[in-house]
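Side chains are part of it too, since the values below use all heavy atoms of this structure and drop only hydrogens, waters and symmetry mates.
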Amino acid sequence: MADTRIPDELHYSEQDEWARAEGERVTVGITDYAQQQLGDVVFVELPAVGTRLVRGAAFGVIESVKAVSDLYAPVSGEVLAVNEELASRPELVNEDCYGEGWMLAVRAEKNATEGLMDAATYAEYIAERA
């Protein structure tokens, strides 16, 4: 866990998703910790643009050489964009989970990141699980 990246400017869910709020637009992906636990990602299934997400509910599936896992929405709102590059290059999640490996952009409800963890709290949370 010592080499796990946890950027300070992001918010984190208990299901290991991150959220980057930029006004009402929130970009979502999985954390470095999550992608390390999964191993090599081979498939990502994401919802269609326009889909309504509910915080804490499954919105997609990620498959690795080790496991198949649901993806959970860290915020509620409408999907504005999906990272279509992941359909042909799912390994971007492993290579750059906080950048090119992003998954969704959501038009989030007000106070979208309220209740999510900051970087320090998330670091403690994953340390307790390790």
What pairs of donor and acceptor atoms, side-chain ones from residues 105-116 against any protein atom, are under 3.5 angstrom apart with sequence neighbours left out?
residue : atom : partner : partner atom : Å
Arg107  : NE   : Glu24   : OE2          : 3.3
Arg107  : NH1  : Glu78   : OE1          : 3.0
Glu109  : OE2  : Arg52   : NH2          : 2.2

Requested in this report: Sequence neighbours left out, what pairs pass ring pair (Phe, Tyr, Trp, His ring centres under 6.0 Å) with at least one residue falling in residues 75-108?
Outcome: Trp18-Tyr98
Report task. List for me each residue that meets side chain to side chain contact (heavy atoms under 4.5 Å, CB included) alongside Pro47, sequence neighbours excluded, and say none if there are none. Result -> Thr51, Leu53, Phe59, Val79, Leu104
Report summary line: In terms of heavy-atom contacts, Val93 and Gly101 come closest through CG2-O, 4.0 Å
Query raised in the report: Quick one: CG on Leu10 to OG1 on Thr31, what's the gap to the nearest 0.5 Å?
Result: 10.0 Å
**Report entry** Within 6.0 Å of CD in Glu84, more than 12 heavy atoms from elsewhere
**Finding:** no
Query - Worked check of side chain to side chain contact (heavy atoms under 4.5 Å, CB included) between Ile126 and Ile6 - result: CA-CA 11 Å; Ile126 60 175; Ile6 306 173; 3.8 Å; yes
**Report entry** Partner set under salt bridge (Lys or Arg N to Asp or Glu O under 4.0 Å) for Asp16, not counting sequence neighbours
**Finding:** Arg129
Report task. Please identify each residue that fulfils ring-ring contact (aromatic ring centres under 6.0 Å, His included) with Tyr122, with sequence neighbours left out. Result -> Tyr12
Report task. Give the cluster check for Tyr72 versus Leu38: same hydrophobic cluster or not, with ILVMFWY residues linked at side-chain heavy-atom distances below 4.5 Å. Result -> no
Report summary line: Residue pairs passing the salt bridge (Lys or Arg N to Asp or Glu O under 4.0 Å) test with at least one member in residues 25-48, sequence neighbours excluded, are none
Report task. Starting at CZ of Arg5, measure out to SG of Cys97 and round the result to the nearest 0.5 Å. Result -> 5.0 Å
Query - Connected-component partners of Val49 among ILVMFWY, side-chain separation under 4.5 Å - result: none
Query raised in the report: Is any side-chain heavy atom of Met117 less than 4.5 Å from a side-chain heavy atom of Glu14?
Result: yes
Query - pair His11-Val26: side-chain heavy atoms closer than 4.5 Å - result: no
Query raised in the report: Who passes salt bridge (Lys or Arg N to Asp or Glu O under 4.0 Å) against Glu85, sequence neighbours left out?
Result: Arg89
Report task. Given side chain to side chain contact (heavy atoms under 4.5 Å, CB included), test Glu17 with Ile30 step by step and report yes or no. Result -> CA-CA 4 Å; Glu17 276 82 24; Ile30 67 166; 4.1 Å; yes
Query raised in the report: What pairs with Thr121 under side-chain hydrogen bond (donor to acceptor under 3.5 Å, both in side chains), at least two apart in sequence or on another chain?
Result: Asp118
Requested in this report: For Tyr33 and Thr4, indicate whether the former's side chain and the latter's backbone hold a donor-acceptor pair under 3.5 Å.
Outcome: no
**Report entry** Test side chain to side chain contact (heavy atoms under 4.5 Å, CB included) applied to Asp96 - qualifying residues, sequence neighbours left out
**Finding:** Glu100
Report summary line: Hits for side chain to side chain contact (heavy atoms under 4.5 Å, CB included) against Ala57, two or more places apart or cross-chain, chain-then-number order -> Val54
Query raised in the report: Do Leu86 and Val41 come close enough that some side-chain heavy atom pair is under 4.5 Å?
Result: no
**Report entry** Beyond-backbone contact of Val61 with Asp70, side-chain heavy atoms, under 4.5 angstrom
**Finding:** yes
Report task. Taking all non-hydrogen atoms of both residues into account, name the closest pair between Pro74 and Ser13 and its distance. Result -> CB-CB, 4.1 Å
Query raised in the report: Is any side-chain heavy atom of Met103 closer than 4.5 Å to a side-chain heavy atom of Asn83?
Result: no
Query raised in the report: Mind checking what makes side chain to side chain contact (heavy atoms under 4.5 Å, CB included) contact with Glu22, not counting sequence neighbours?
Result: Arg20, Thr27
